[in-house]
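The block underneath contains the structure these notes are about, expressed in structure tokens.
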Amino acid sequence: MKVNTQSVNFSADVKLIDFIQKRMDKMELFYDKVIESDVYLKVENTSAKENKIVEIMVFIPRDKIMVKKQCKSFEEAVDSACSSLERQLVKKKEKMRANA
């Protein structure tokens, strides 16, 4: 799957980008018609520890799914967002089967 990763106002580490790519590749196990996905990494300027924001937009035929998570680390936020996306993709797949 093609994953476009963009880090806003900082440069993302290669390890982080590889981690995101691997985690996003697992999405195809849940829904095989994923076209591509956009991942936005942001750091919020607050004193709170949970200042890492990850937004993931997954494009599927005739639709898109968006998830936004805020955590202490990017890895934690990506994991959380991907878990949420997996549930949504499974729901979408079941709905398509019911309508077919």
Side-chain angles (χ1 to χ4, degrees):
M1 174 199 327
K2 185 169 189 273
V3 179
N4 303 318
T5 307
Q6 293 181 358
S7 46
V8 181
N9 296 332
F10 74 100
S11 57
D13 190 63
V14 176
K15 287 181 190 170
L16 178 62
I17 292 171
D18 287 345
F19 173 79
I20 293 168
Q21 181 69 51
K22 280 184 190 150
R23 194 66 177 86
M24 293 302 291
D25 284 342
K26 291 180 184 172
M27 291 291 146
E28 293 179 328
L29 297 172
F30 298 92
Y31 194 88
D32 54 357
K33 293 182 176 71
V34 175
I35 301 166
E36 69 173 351
S37 56
D38 291 336
V39 179
Y40 299 98
L41 308 170
K42 299 175 188 171
V43 179
E44 201 173 60
N45 290 330
T46 61
S47 58
K49 281 194 166 72
E50 293 191 358
N51 66 341
K52 312 287 190 300
I53 301 171
V54 172
E55 289 181 28
I56 302 176
M57 195 177 301
V58 175
F59 296 94
I60 55 177
R62 288 181 264 139
D63 205 1
K64 65 182 174 209
I65 299 173
M66 167 101 179
V67 173
K68 182 176 181 178
K69 294 290 178 182
Q70 187 167 347
C71 294
K72 291 177 188 168
S73 72
F74 283 118
E75 289 83 1
E76 187 183 348
V78 167
D79 260 345
S80 176
C82 284
S83 297
S84 181
L85 273 171
E86 286 163 6
R87 284 193 301 276
Q88 290 184 38
L89 289 171
V90 167
K91 245 189 226 174
K92 186 79 104 177
K93 194 173 187 178
E94 286 171 359
K95 212 180 254 186
M96 281 180 57
R97 278 199 190 134
N99 293 340

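Note that the numbering runs from 1 along the sequence shown for the chain.
Residue Ser84 is tested with Ile65, Ile56, Val67 for a side chain to side chain contact (heavy atoms under 4.5 Å, CB included); the sole match is Val67.
Counting only residues at least two apart or on different chains, the salt bridge (Lys or Arg N to Asp or Glu O under 4.0 Å) pairs with a member in residues 90-100 are Asp63-Lys92. For residues 74-100, the ring pair (Phe, Tyr, Trp, His ring centres under 6.0 Å) pairs, not counting sequence neighbours, are Phe10-Phe74. Under the salt bridge (Lys or Arg N to Asp or Glu O under 4.0 Å) criterion, the residue pairs touching residues 40-50 are Lys42-Glu55, with sequence neighbours excluded. Among pairs with a residue in residues 3-20, none fulfils salt bridge (Lys or Arg N to Asp or Glu O under 4.0 Å), at least two apart in sequence or across chains.
Legend: residues meeting ring-ring contact (aromatic ring centres under 6.0 Å, His included) with Tyr31, ordered by chain and number and at least two apart, are absent. Partners of Ser73 by side-chain contact (heavy atoms from CB on, under 4.5 Å), not counting sequence neighbours, listed by chain and number: Glu75, Glu76. Contacts of Glu28 classified as salt bridge (Lys or Arg N to Asp or Glu O under 4.0 Å), with partners at least two apart in sequence or in another chain: none. Under the salt bridge (Lys or Arg N to Asp or Glu O under 4.0 Å) criterion, Lys2 pairs with Glu36, not counting sequence neighbours. The side chain to side chain donor-acceptor pair (under 3.5 Å) search around Asp25 returns Gln21, not counting sequence neighbours. In this view, Asp32 satisfies the side chain to side chain donor-acceptor pair (under 3.5 Å) rule with no residue, not counting sequence neighbours. Here Ile17 pairs with Thr5, Ala12 under the side-chain contact (heavy atoms from CB on, under 4.5 Å) rule; sequence neighbours left out. For Asp38, the side chain to side chain donor-acceptor pair (under 3.5 Å) partners are Asn4, not counting sequence neighbours.
When the side chains of ILVMFWY residues are joined at heavy-atom separations under 4.5 Å, either directly or via intervening members, Met27 and Ile35 end up in two distinct hydrophobic clusters. The same ILVMFWY cluster, assembled from side-chain heavy atoms under 4.5 Å apart, contains both Val78 and Val43.
Val54 is not listed as a side-chain neighbour of Ile20, based on a closest heavy-atom distance of 4.5 Å or more.
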